[in-house]
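In what follows, a single structure is set out as structure tokens and then discussed.
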Amino acid sequence: MYQRDFEAIHQEGNFILSVVLMADSFFYGIYGQNNNTLNVHKSYTNVHFSDVALVSKIKDDLQLKRIFDKIEIIVMSGNSHFLPYQNHELINQLPGLELKNKKTQKFQGMEVFSYFGISRHQESLLNFLFGEGKYEIHHFSNLLASYYIYE
């Protein structure tokens, strides 16, 4: 995959942060809210979220210390499950989510619920960077489903 990181913020303003969280990667883009321009892109690959030294590079990133109007986290994980109803008891029995902090989300315009998880180290990093409850977290499949026009 071709990756090009850059920083092109020349002024203060209203910004939106978009993060892609994968099992071993952390990518982010900072967009200007007024003009929807991508101002910053940064990639962290081969990240072991339990390794304090590797995670400290992300924690020390000055761009992530900005105040954002909105923070969106997209999780791209292999372990996700979909149900036509909410069932919080069943989520504990779903394979692949045993050691994960489990998340659930209803698809927009559909009666489908996505169940997915992130590691405790990933969630700890997100809470350190942005504050607990200060960001929205979605599974990648829900992002794709939001383009579906419901009849």
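- Heavy-atom contacts from other residues, nucleotides or ligands closer than 6.0 Å to NZ of K57 number 12 or fewer.
- Side-chain contact between I71 and L126 is absent, with no heavy atoms from C-beta onward closer than 4.5 Å.
- When side chains are defined from C-beta on, F15 does not count as touching V40, because their heavy atoms never get closer than 4.5 Å.
- Shown here for G32 and N39, the closest heavy-atom pair between the two residues is N-ND2, 3.0 Å.
- Counting heavy atoms from C-beta outward, V19 and Y135 have side chains that stay 4.5 Å or more apart.
- At a threshold of 4.5 Å between non-hydrogen side-chain atoms, the residues T45 and F27 count as touching.
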Evaluate side chain to side chain contact (heavy atoms under 4.5 Å, CB included) for T104 paired with Q86, printing each intermediate quantity in order. CA-CA 8 Å; T104 185; Q86 259 187 322; 4.0 Å; yes
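- Rounded to the nearest 0.5 Å, atoms CD1 (I16) and CZ (F68) are 10.5 Å apart.
- Remark: Y28 OH to D5 CG distance equals 8.0 Å, nearest 0.5 Å.
- Heavy-atom neighbours of K134 NZ from other residues, nucleotides or ligands within 6.0 Å: at or below the threshold of 12.
- In this structure, OG1 in T37 is found 13.0 Å from CD1 in I30, a value given to the nearest 0.5 Å.
- Of all non-hydrogen atoms in Y115 and Y85, the two that sit nearest each other are OH-O, 3.8 Å.
- Between I58 and L64, the shortest heavy-atom contact is O-CD1, 3.7 Å.
- A donor-acceptor contact shorter than 3.5 Å links the side chain of Q122 to the backbone of M22.
- Summarising the geometry, atom NE2 belonging to H121 is positioned 10.0 Å from atom CG belonging to D51; distances are rounded to the nearest 0.5 Å.
- The minimum heavy-atom distance linking V20 with M76 is given by the pair CG1-SD, 3.6 Å.
- Under a cutoff of 6.0 Å and an axis angle of 45°, K59 and F128 form a cation-pi pair.
- With values rounded to the nearest 0.5 angstrom, S56 atom OG is found 11.5 Å from D61 atom CG.
- Using cut-offs of 30° and 60° on the angle between ring planes, the pair H139 and F116 is tilted.
- Using modelled atom types, one finds a donor on one side chain and an acceptor on the other under 3.5 Å when comparing Q105 with H138.
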Yes or no on side chain to side chain contact (heavy atoms under 4.5 Å, CB included) for I118 and F49, after CA distance, side-chain angles and deciding distance? CA-CA 11 Å; I118 60 176; F49 289 95; over 6 Å; no
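- Note that OG of S18 and CD of E136 are 11.0 Å apart. Values are rounded to the nearest 0.5 Å.
- Of all non-hydrogen atoms in N46 and S25, the two that sit nearest each other are N-OG, 4.4 Å.
- For the pair H48 and V55, the tightest heavy-atom approach, listed with the atom from each and the gap, is O-CG2, 3.9 Å.
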